[in-house]
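Lettering of chains follows the sequences in order, A, B, ..., and the numbering in each one begins at 1. Treat the numbers as computed from the prediction; the structure is a model and nothing was measured.
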Amino acid sequence: MDLSYYPGCTLKTKAKGLEDSAVASMDALGIRLVEIERWNCCGTVYSLAEDDLAHHLAPVRNLIRVKEQGSDRVGTLCSFCYHTLKRANLLMRNDGEKRQTLNDFMEEEVDYNGEVEVVHLLEVLRDDVGWENIAAKVRVPLQGLKVAPYYGCTLLRPQEVAIDQVERPTILHQLLETLGAEAVDFPHATECCGSFQIVGNPDFITQCAWEILSSALRRGAEALVLTCPLCHFNLSQRQSELMQRYSDFQGLPILYFSQLLAIALGIESKVCHFESGYGDPLSLLKSKNLVS
Amino acid sequence: MGKLGVFLCDCCFSPMGSAEVEELLTVARRHPDVAYAELHPDMCLNPKPEKVAGVMKENGLEGVVFTSCTSLLHRDTFRELASAAGLAPNQFEVVDLREQIDGKRASERIIEAIENLAAKLTSPQPVFRAELPVTRKALIIGGGVAGIQAALDIADAGYEVFLVERTSSIGGHMLQYSEVFPTLDCPQCIMTPKMVEAGQHENIKLLTYSEVEQVSGQIGNFTVRIRRKASYVDWEKCTGCGDCATVCPVEVYSEYERGIAAQKAIYKLFGQAVPAVFTVEKRGTAPCRIACPAGVNAQGYIALISQGKFQEALEVVRRTMPFAGVIGRVCTHPCETDCERRTVDEPMSIRTLKRFIADYELKAGREKAIAVERTKKEKIAVVGSGPAGLSCAYDLVRKGYPVTVFEAMPMAGGLLRYGIPEYRLPKNVLDNEIDYVRELGVEIRTDSPVEDLNGLFSKGYQAVFLGTGAGVSQKMGIPGEGTPEVIHAIDFLKRVNSGNEVSLGQRVAVIGGGNAAVDAARAAKRLGTDEVTIIYRRSREEMPAVAGEVDEAENEGVKLHILAAPVKVLSQNDKLTGIECLRMELGEPDASGRRRPVPVKGSEFTVDVDNVIVAIGQSVDKAGLPGEIAGTERGTVSADPVTLETNMAGVFAGGDVVSGPADVIGAIAAGKEAAESIDRYLNGVDLREGRPGQLNKVEEVSKEGVQAKPRAAMPMLDLGQREGSFAEVELGLDEETAMAEARRCLNCAGCCECLSCEVACERKAINHEMVDSYEELDVGAIVVATGFELTPKKAITEFEPDPDILDGIQFERILCPGGPTAGVVLRPSDAKTPKEVVFISCVGSRDPEHGVPYCSRVCCMYLAKQAMLYKHAVPDGQAYIFYMDTRSTGKGYEEFVQRAVEEDGVLYLRGRVSKVFRDGDKLKVWGADTLTGKRIELSCDLVVLGMAMIPNPESKELMRILGINTDSHGFINEAHYKLRPLETNIPGIYVAGTAQGPRDIPDSVAQGSGSASKVLTLFSTSEKMPEKVAAS
Amino acid sequence: MRIQISSRTLHSDFVKKVAEISGQDLLACNQCGKCSAGCPMCFAMDLLPNQVIRLAQLGLEEDIAASKTVWLCASCFTCTVRCPRGVDLGRVMEAIRLITLRKNVDYVEASDIPRDTIGELPQIALVSGFRKHTA
């Protein structure tokens, strides 16, 4: 099965490990991700102002690209892109007046009415591939690996974009268990990492990261798995400072869900680009004999 | 010329303007039947019948339409007015205009009324004012405090009352509480006298454990059908002594204790229950029992094992079949496949537990069984002493028949003896169970083949069961199969099991993937063969053999060669040298759903062996069958799938001889079915009609609070000790492990029907066969007092589920001196005293986005009270209450809250809570104090949620039956919000208590008395039947 | 000094603008404080989110303008999904930010951010940060 795919900016630079491992894993599961042509930045955040339509243009143009290519579904990986595209799409689908204005403004484009379905690849894994089929293809069960599933914000909130239950979601838990790992449920799984506040207020992110990481550690996690490149950055890049601040904090490896998926499917670990991230997830995986 | 008049009442409060009124009059006057239409201001306030009569006479009117702004309040006014003016019921109509403010609809209503009236007047049927006698008996639905109050008031006035209650005792929620606000009375102390009074009142008939099924009729004359649910205890005989509950091995969720403590499957609702009787909780049949072809009551014996009652447990198995030890070893256990526990962690070790109780008796030494008294004359012959034959004989001998089993072999047992190796089924186990059947009175004649069925009849047998099995090995049909070193598994195993010498070479190939193949392979290994290889044409997952057996075979050194099929047996100088095979691959699924093996061309390869054991299936020995019996194309005996009749009258057949090779439990089931048929046949009863049939499977099994726990592992004989030995491999569980394993059972069916209670009850009050019964009641009035529930905690998803997060009623149980902790405040997770307790109000209420928009009204008060009682119980503890506003509007309520704050130091924090989660042995509560503008984090030991009150969900269907209106939340709508608060939309049906909306005890009791007074008003009128409003 | 409240403050242009830009009914808020109780950035805020709403209800624009709260909101929507009254606080925060930003007053100065940091941050951080904090 082919699936149109929108990568977004960060996946091409800072989060190659997320993209490459996901593309390779989906391929192994029989889903070919077809990157859409001429895509542009999604705008990263969905405009929350009633009177600001200009910022919806960027995500809608990407959806028009999908439609032009004859596809009615687009998969995303980055939580920010998912959120922005999903909400812009709902706006085009449900608000006739704003849709008209936006379509009128983009004279050069075909009219768009929200025909495309925006999905996150986790949903594709759950709903299209199915946990059982994934389980059947696991070649390196992640046995003995205790992983805290961390969802962050933009895949779950608000309700209209939620890929799972808003509170106490389970989709990452289910993926981890499918891969043979132990999902370590922890209370901060949906707490915000501080997001873009990293730009102006990095100290606050240190505080947010500490709450999340220490909570996962208290429940016995050996690693934390997530979907969002910004969460990944905030939760891993602050760790060196946290180690200085808290002498008994030894660090907590942060992994993308797709990296664990690729490892479990027996795909060569180079698609995970472990070398380019922060922290050292590789030695944990090696200590569990999951990668050589 | 029209003969009707329209009197339009109007006043300054009317919803209509003068233009609309004028318009209505014009519409009315235009109607051909109308001769008169005028405005009569303030007619409702000042009705003048003489004026109406005058107008009528003046205009020659025969009928009148009155309009009122709201008939809810004025209908009776106009009715009285019409009556006083001398109008018969068919001579007037009252139109309600309030809901038709929109002028067009109002005029439509008036036209409609005019036409109705015209039709009534021209109707050839004379219409009289119905004057039916009122049935002066009342039905109260709901035995909580409001219902009890209503019942007592009506009964005290001298009228008969039926008090229907869904549970087995009256009392309602109030009995669950600790002391109640604001006076801190003990509810048990103040309530039990009322309950006893209701129970003993000569005018009150309690119908507990009952539900209203149907209502018809109208005010003054309702007919009500009540379902009296089977309690399985004869309440006339039950003294409430509790001997039954003492022996009951099953603990189930207790609705009364709300999960804080469990109750026995036979239970009295609570200590002071009225009536003080026991009830059995049955939820249907457990999935394990449904899955068992023979219907063995697994939950029954497992529950008894959990209590250490091993002998009693074995008797439960023996109620169905004699083979606990055999089946406990060799069963394919479909029960475990369906075991509900699998959805939590792993299925129960049902088979192993059954084996455990058999072993327990065998080890302790079994007393000789007492022969069953022979009560029947008809002799029955059973041909074949395998599991089917012996099970049939077992059931028949217990029915009192003389039964003789004919066995061709020297010893009884069939394939159990000759097909299954000793290491899997020791002969002493089999012998013991066959002996048991013998001791009951079954005669077993070995070395006695039966060739002629007619001969049996001529010898005086009146019915025959044919269960001779399928004991012939199938052939492979490949070249070289006739080589002497090719042995068939059945023959091989028969020789091994008979203790005969079998000589095998050093390398043996076993062809096939079923249990016989694995048995043969493991037996060959034990006989000293170096290399045993199983060759099977499909994949390992598809091997029909029990998976654990395959694993053990491999552990013992048997090699597995899957996806390979033999094509030729190779030999040199008449001596077998090997077997040529083809590799297979899996193709499309076949009829069995398994993927079909397809040969890979040119993939021939050779396995060098000295012997080949063929185990590719068995079939029925045609030559051994009596000639008269009809067969199928497959070579089996043809028998009716339900009755097991054959073509010969009086001959029934079952087991492998009919089904082809199948499992032991299936054969046992067939033997039992045949026994049922034979009994029916001999008594001239229809063979099909009314056979014990479909069982009702339990629909939903609660797994709340069930902790995952792996199933008991079977201890195994060390590999080293297995070589050259046929000693049993599976060693069985010890007592402690068996009991622990048994405690994993979820008790799906509630009552496990072990019948221990029947034995314990001296008054013989227990009747497990009881069925629901129905009663029809005639009553004149109905009071609905069905009460409330709390929103389930799980609806609040931002609070992590945790045993130490309780709802208000759960905490009442912990505070209650009569509760499971005897009023000592201990938290559920670890039974420690909580030192910091957080109470949260408005959970799920005042929250239109996630719960209900309304205020639950009582939570402010009961949380203050619980905080106060907590402080009384734990003086060094600290209570916190998160609140939005404190609503303490009753008499003495505000003072009460102040007392909690000032005297008990309860800290009020103004803000909602956003999240609760566990952190080690503490619970973390994230709230806010909006008064200081601070975010609050509290680490506490226990959290109590003031969950929103909702109408009792069980009452939803009742509202439909009664035809009474509810609001969008399910609370009963009053006839008028302010002025008719106790009446429903159906005349004669009244409401009391929380069924109408959230309220506290004093208000509920007041409503109980109020509704009683409504009923008594109705009963005090001489004759009353104002109009026909059907209840449904 | 006493704060003056009148129908003029309650119906000021500021209140209207917040309602218009956010599309939210500020009066729906009954000040339960659940937004503040669950806010992940609250530890750094000088006013709690519910206080910002309250000040907006009262039309006290200057008090809001003097507070950092709306700039610390990370648009995580925790308050939005939990608000019992269905107020989308994320949108209210955005509206208040925009009222300032549209006066061409930036909260973050791009030139203040060290070059290394810009090189290190993922693109989504930079773009969203500038979207939320600059005109």
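Distance SG/C:Cys32 to CE/B:Met884: 5.0 Å, rounded to 0.5 Å. Here B:Asp885 contributes atom CG and C:Asn30 contributes atom CG; the two are 8.0 Å apart, rounded to the nearest 0.5 Å. Summarising the geometry, atom OG belonging to B:Ser914 is positioned 6.0 Å from atom NZ belonging to C:Lys34; distances are rounded to the nearest 0.5 Å. In this structure, CZ in B:Arg912 is found 11.0 Å from SG in C:Cys35, a value given to the nearest 0.5 Å.
Nearest heavy-atom pair across C:Gln31 and B:Thr930 is O-CG2, 4.0 Å. Closest non-hydrogen pair, B:Pro848 versus C:Arg85, comes out as CG-NH1, 4.0 Å. When all heavy atoms are compared, the tightest approach of C:Cys83 to B:His850 is O-CE1, 3.5 Å. The two residues C:Ala37 and B:Ala928 make their nearest non-hydrogen contact at CB-N, 3.8 Å.
Within 6.0 Å of atom CD in C:Gln4, 12 or fewer heavy atoms from other residues, nucleotides or ligands are found, so the atom counts as exposed in its surroundings. The local environment of NZ in B:Lys703 is crowded, with over 12 non-hydrogen atoms from other residues, nucleotides or ligands closer than 6.0 Å. Shown here is B:Lys922, whose NZ atom has more than 12 heavy atoms of other residues, nucleotides or ligands within 6.0 Å.
Among residues 38-61 of chain C, the residues having any heavy atom closer than 4.5 Å to a heavy atom of chain B are, in sequence order, C:Gly38, C:Cys39, C:Cys42, C:Phe43, C:Leu48, C:Asn50, C:Gln51. Among the residues in residues 791-815 of chain B, those with a non-hydrogen atom closer than 4.5 angstrom to a non-hydrogen atom of chain C are B:Glu798. At a heavy-atom separation below 4.5 angstrom, chain B is approached by no residue within residues 96-109 of chain C. Residues from residues 118-135 of chain C never place a non-hydrogen atom less than 4.5 Å from a non-hydrogen atom of chain B.
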